[in-house]
Amino acid sequence: MFFQTTDGTRLAYEDYGQGKPIVFVASVMLSADMWEYQIPYFVERGYRCVALDRRAHGRSDRPSTGYDLDTGADDLAELIELLDLRDITLVGHSMGGAEVARYLARHGDERVARVAFVSAMLPFLLQTDDNPEGVPGAALEASMAALDADRPKWLAQRAQAFFATHLGNEISPAQVEFTLRQCLEVSPWAIRQYQRAAMTFDHRASLAEIAVPALVVHGAADASIPVAVSGRRTAKLVPGATYLEYPTGGHGLFVTHRDRFNDDLHTFIKST
């Protein structure tokens with residue numbers, strides 16, 4: 001299914017099941033397909049599951065502009081309003097978590113019952129004088145330079161760490177290849193814009209204003225978004241947040257730890 005945003009961009013989305021809605025917001029470089037182990041689980045338990053292919057991802061259009069967190073949040077808001085979704089559970093992974101935070105900051109929580117930040121690019125990744133816990137700018141720029149120089153190589157070198165296979169997490173070569181294929185199908189232009197936007201955005205003030213129940217899930221072995229920089233700090237900033245840390249979880253815990261993650265998310269939804 002598709003809808004057209006106010007700037008004329010055609011975005012794809014999927015909508016399954018009936019019941020209270022869960023809106024899944026994917027990581028940068030991944031499409032709605034990343035939620036294949038979550039959507040059936042929740043549909044079978046009586047929920048309506050909606051997942052969006054953001055701009056330049058999956059089957060959505062590849063415009064030349066709009067690759068920033070505010071536009072992503074606004075695109076999400078347009079879909080939510082189009083479907084007239086209410087009492088929503090918003091679930092965002094990685095940059096999707098940053099977009100969920102921006103959605104709340106820009107559009108409020110009238111339609112939202114609760115949120116889940118999963119391995120999210122929050123609260124502020126760049127090291128500054130007032131953010132000494134962040135990642136040094138030189139390290140971020142070096143990573144971006146390597147991405148610019150050889151994107152397939154950059155992705156392939158991080159594939160095993162993404163799933164923290166060195167800690168014994170079992171994942172098939174086919175699953176790794178499937179994830180890489182999703183990433184490589186995204187517009188290279190869009191990836192560069194999104195990465196820079198997410199790495200330098202400061203969410204600290206807006207996270208402290210979240211008034212709905214929040215779940216923060218992060219892997220202790222996340223090599224993409226280190227837990228000390230992100231998950232632990234996010235949980236402290238969001239009032240009353242429930243924090244769950246998976247000792248062997250990498251950035252791809254939605255696959256490697258899917259049973260635990262699905263159950264934890266379900267428990268959170270039922271209890272709030």
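As the structure is a computational prediction, the values presented were derived from the model and not from experiment.
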For the side chain of S119 and the backbone of S94, is there at least one donor-acceptor N/O pair under 3.5 Å apart?
no
Might you point out which heavy atoms bring L122 and A101 nearest each other, and give the distance in Å?
CD2-CB, 4.0 Å
For residues D264 and Y246, is any side-chain donor paired with an opposing acceptor at under 3.5 Å?
yes
Is it true that a side-chain atom of W35 and a backbone atom of V50 form a donor plus acceptor pair closer than 3.5 Å?
no
Could you measure the distance from the CE atom of M95 to the OG atom of S224? Nearest 0.5 Å is fine.
14.0 Å
Heavy-atom side-chain proximity of T71 to L69 below 4.5 angstrom
no
Test item: side-chain donor near acceptor, N131 and R233, under 3.5 Å
yes
Basic-acidic side-chain contact under 4.0 Å: R111, D109
no
Would you list the atom pairs, donor with acceptor, under 3.5 Å between side chains in residues 212-221 and any protein atom, with sequence neighbours excluded?
| from | atom 1 | to | atom 2 | distance (Å) |
| --- | --- | --- | --- | --- |
| H218 | NE2 | D222 | OD2 | 3.3 |
| H218 | NE2 | I225 | O | 2.7 |

Sort and list the pairs that fulfil side chain to side chain donor-acceptor pair (under 3.5 Å) and have at least one residue in residues 204-215, not counting sequence neighbours.
D130-R204, D202-R204
Short side-chain donor-acceptor distance under 3.5 Å, N262 and Q38:
yes
F42 versus C49, closest heavy-atom pair with distance
CB-SG, 3.7 Å
Rounded to the nearest 0.5 Å, what separation is found between the CG atom of L52 and the OH atom of Y13?
10.0 Å
Donor-acceptor check, side chain of S187 to backbone of A190, threshold 3.5 angstrom: yes or no?
yes
Would one find more than 12 heavy atoms of other residues, nucleotides or ligands at under 6.0 Å from atom CZ of R10?
no
Indicate yes or no for a side-chain donor-acceptor contact from R54 to the backbone of S27 under 3.5 Å, with no hydrogens or angles considered.
yes
Given 3.5 Å as the limit, does a donor-acceptor pair link the side chain of T200 with the main chain of R196, or not?
yes
Indicate, with yes or no, if M121 and V186 share a hydrophobic cluster defined by side-chain heavy-atom contacts under 4.5 Å among Ile, Leu, Val, Met, Phe, Trp and Tyr.
yes
Donor + acceptor pair across side chains of T272, R114 (<3.5 Å)
yes
Judged by atom type as modelled, is there a donor-acceptor pair below 3.5 Å linking the side chain of T267 to the main-chain atoms of D263?
yes
Option among D61, D74, D7 that satisfies the salt bridge (charged side-chain N to carboxylate O under 4.0 Å, His left out) test with R55
D7
Could you tell me whether a side-chain N or O of H251 sits under 3.5 Å from a main-chain N or O of F163, the two making a donor and an acceptor?
no
Taking ring pair (Phe, Tyr, Trp, His ring centres under 6.0 Å) as the criterion, tell me which of F254, F117, F24 meets it with H93.
F254
Spell out, as yes or no, whether a donor-acceptor pair under 3.5 Å connects the side chain of Q18 to the backbone of R48.
no
Check whether the side chains of T248 and H257 place a donor and an acceptor atom closer than 3.5 Å, and report yes or no.
yes
Can a side-chain donor-acceptor contact be found between T5 and E78 if the only test is distance below 3.5 angstrom?
no
Over all heavy atoms of both residues, which pair between A159 and V176 is shortest? Give the atoms and the distance, please.
CB-CG1, 3.7 Å
Are F268 and H266 an aromatic pair, judged by ring center distance below 6.0 Å?
no
All pairs passing side chain to side chain donor-acceptor pair (under 3.5 Å) where residues 168-178 contributes a residue, at least two apart:
Y37-Q175
In the single-linkage hydrophobic clustering (I, L, V, M, F, W, Y; side-chain heavy atoms under 4.5 Å), do L76 and Y67 co-cluster?
no
Return the OH to CD1 distance between Y47 and I269, rounded to the nearest 0.5 Å.
5.0 Å
Pair R59 + E14, salt bridge at N-O below 4.0 Å:
yes
